[in-house]
Amino acid sequence: MLLQAGGCPSTLRSGSRPQQLFRNSPLAKVHHGKLAVTFAAQKPGFSSGPYPVPEGPVSHFYRETERWPTEETVPLQQHDLDQQPYVDLIVAGAGPAGIAAAGRVAAAGFSVCVIDPEPFAHWPNNYGVWLDEFQAMGLEECLHVIWPKAKVWLNSLPDGEKFLDRPFARVDRPKMKRVLLERCAVAGVTFLHGKVAGCSHGEGSSEVQLTDGRKIRGSLVLDATGHSRRLVQYDRKFDPGFQGAYGIVAEVESHPFDLDTMLFMDWRDDHTHAPGLEAMRANNEKLPTFLYAMPFTKNKIFLEETSLVSRPAVGFPELKERLDARLKWLGIKVTRVEEEEYCLIPMGGVLPKHPQRVLALGGTAGMVHPSTGFMISRMMGAAPTVADAIIDQLSGPADKATNAGSALRPSSEAEAVRMANAVWRATWPLERIRQRAFFTFGMDVLLSLDLLQIREFFRAFFSLSSFHWHGFLSTRLSFPQLIVFGLSLFYKSSNAARSSLLVRGVPGVFSMLIELVPTMRFYYPDMTSLKERKDAIDAAARQASVTAQLQSATTASAPEASEVSVETTLTVTK
């Protein structure tokens, strides 16, 4: 129901739904691998960045969220282990990452099984996104609120209010889950109710064990279990920072926020100056938190007290206490809490060991922005890249099977390892690894800032060009562009802030450079150098040229051969 006037998002640019006919056609069985890549290329999906800023004005838009999908509204195919003990891809986890990738791989003609104890469970975390990101991925129909602009409060002084000319939106989680589950259902994804306990590999296949003792085998395994990281392995200690948040979707008597403006950050601390809150004020000065607010209507709003990053995490009771004090200061009286959110997001830390036999996507792959905590847009943008890499690798054994009549799966453990390595290279290419190292450096700086310093940091940050602060928040800047971003931030900072950045940043720069050293050489085991790739391309071009010349010579000599044959025939006849 449309409650607020404004421009309705256009229809999903996802095109028509994939045809089930492809999966069952004889043609698919004969040329499974070759058609898979072609079909995936034709299929609509979530495009990855860069994300262009939409042109023209954006109107405020609001509608109620959908109801969560159920077994009755989206019938899913249950997996029968007796009938199908082996599949091409096993996906652990039915969150956004898991079902986005599962649907895309299955639509290319491969068998995919998703393992999850509750495939219809509600996704608990609130997803706020920049509108241009979801528009670029064709997912604007999965938004239920759009704000034409956002705002930041640095402090209560006249120059403490900053407006951000970039539309923001809130994801309709039930609708997005329905859309992704429907794609899975149409593509033929099967679902196995259960919780994964472990995984083993050998002879070109992987076996996933469930906690109840059941087992399923497959060519490749994708861990999409979020921050629980059920199957991926680490070769170093995982020591992240944490973003903690306590939030509510609430009905209120009233609130002081404009409906067309999303409150992105409010670093004001006036609410801690009340008598009896001296301890809260002192703690907030050391470990500051901010208000993140999404006004839906005049009487309905999402309010969240957020710790940007800390180590250890700020506790939920303290976050709730600070939010209560803030609401009292703002004069907001809550009449009913519709939804309560406890959010704890690991940020930064080491990536899973890569490559490894288990693949990963989303939080379990380390795709959370180390400096901001944003993930949903990054993950939804990466899903087609990872899925298409899986499709490409599964197509190799299928092509060989078509030509030689062998099984449609890896023939050896060495082949399966090469397949997994190739997918990891697509998941974490060198440019993304370098980019993440810079973001982790940014997180380490933020971990050390108190309230006054963090205000100065964001004063400089939001005074940068749109290209730089948009690109930083949306993970679209390359590593050289991030270096320019860092220098621009330093230039825009006050003298006091520059001194603070130097003191806190120099040690982090050395740590970042140490992390980057491996990316300057052969980062992945079977990775070739640029010169080797160029030599291979040149050799292939020369071979193609020779082949073309031979074919041309053969064609040219064919008429002469025909004439000789005719003359010989006439002579014999005479």
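Computed from a prediction, not measured in an experiment: that's the story for all the values here. Numbering starts at 1 and runs along the sequence shown.
Side-chain atoms of Ser219 and Tyr86 include a donor-acceptor pair closer than 3.5 Å. Counted by atom type alone, Thr475 and Arg378 present zero donor-acceptor pairs between their side chains at under 3.5 Å. When only modelled atom types and interatomic distance are considered, Ser474 and Glu133 share a side-chain donor-acceptor pair under 3.5 Å.
Annotation: salt bridge (Lys or Arg N to Asp or Glu O under 4.0 Å) contacts of Arg311 (sequence neighbours excluded): Asp239. Scanning for ring-ring contact (aromatic ring centres under 6.0 Å, His included) contacts around His468 gives an empty result, with sequence neighbours left out. Residues satisfying the salt bridge (Lys or Arg N to Asp or Glu O under 4.0 Å) criterion with Asp172, sequence neighbours excluded, are Arg63. Not counting sequence neighbours, His227 has no partner by the ring-ring contact (aromatic ring centres under 6.0 Å, His included) test. Applying the salt bridge (Lys or Arg N to Asp or Glu O under 4.0 Å) test to Arg542 and every residue at least two apart in sequence or in another chain returns nothing.
Remark: Arg236 engages Glu515 in a salt bridge, criterion side-chain N to carboxylate O under 4.0 Å. Salt-bridge formation is detected for the pair Arg166/Asp132: a Lys NZ or Arg NE/NH1/NH2 atom is positioned less than 4.0 Å from an Asp or Glu carboxylate oxygen. Looking at Arg104 and Asp388, a side-chain N of the basic residue comes within less than 4.0 Å of a carboxylate O on the acidic one, giving a salt bridge.
Ring geometry for Phe264 against Phe374 counts as tilted: the plane angle lies between 30° and 60°, on a 0 to 90° scale. Taking the six-membered ring for Trp and thresholds of 30 and 60 degrees, Tyr292 and Phe168 have ring planes more than 60 degrees apart, a perpendicular arrangement.
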Side-chain donor-acceptor contacts of residues 351-364 below 3.5 Å, not counting sequence neighbours, with atom names and distances?
{"from": "Lys353", "atom 1": "NZ", "to": "Gln233", "atom 2": "OE1", "distance (Å)": "3.4"}
{"from": "His354", "atom 1": "ND1", "to": "Pro352", "atom 2": "O", "distance (Å)": "2.7"}
{"from": "His354", "atom 1": "NE2", "to": "Tyr523", "atom 2": "OH", "distance (Å)": "2.7"}
{"from": "Gln356", "atom 1": "OE1", "to": "Gln233", "atom 2": "N", "distance (Å)": "3.1"}
{"from": "Gln356", "atom 1": "NE2", "to": "Gln233", "atom 2": "O", "distance (Å)": "3.1"}
{"from": "Gln356", "atom 1": "NE2", "to": "Lys353", "atom 2": "O", "distance (Å)": "2.6"}
{"from": "Arg357", "atom 1": "NE", "to": "Glu413", "atom 2": "OE2", "distance (Å)": "2.8"}
{"from": "Arg357", "atom 1": "NH1", "to": "Ser206", "atom 2": "OG", "distance (Å)": "3.4"}
{"from": "Arg357", "atom 1": "NH2", "to": "Ser205", "atom 2": "O", "distance (Å)": "3.3"}
{"from": "Arg357", "atom 1": "NH2", "to": "Ser206", "atom 2": "OG", "distance (Å)": "3.2"}

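Just one of Trp469, Phe439, Phe472, Phe467 meets the ring-ring contact (aromatic ring centres under 6.0 Å, His included) condition when paired with Phe485; it is Phe472.
Judged by a 6.0 Å distance limit and a 45° cone about the ring axis, Arg170 is not positioned over the six-membered ring of Tyr127.
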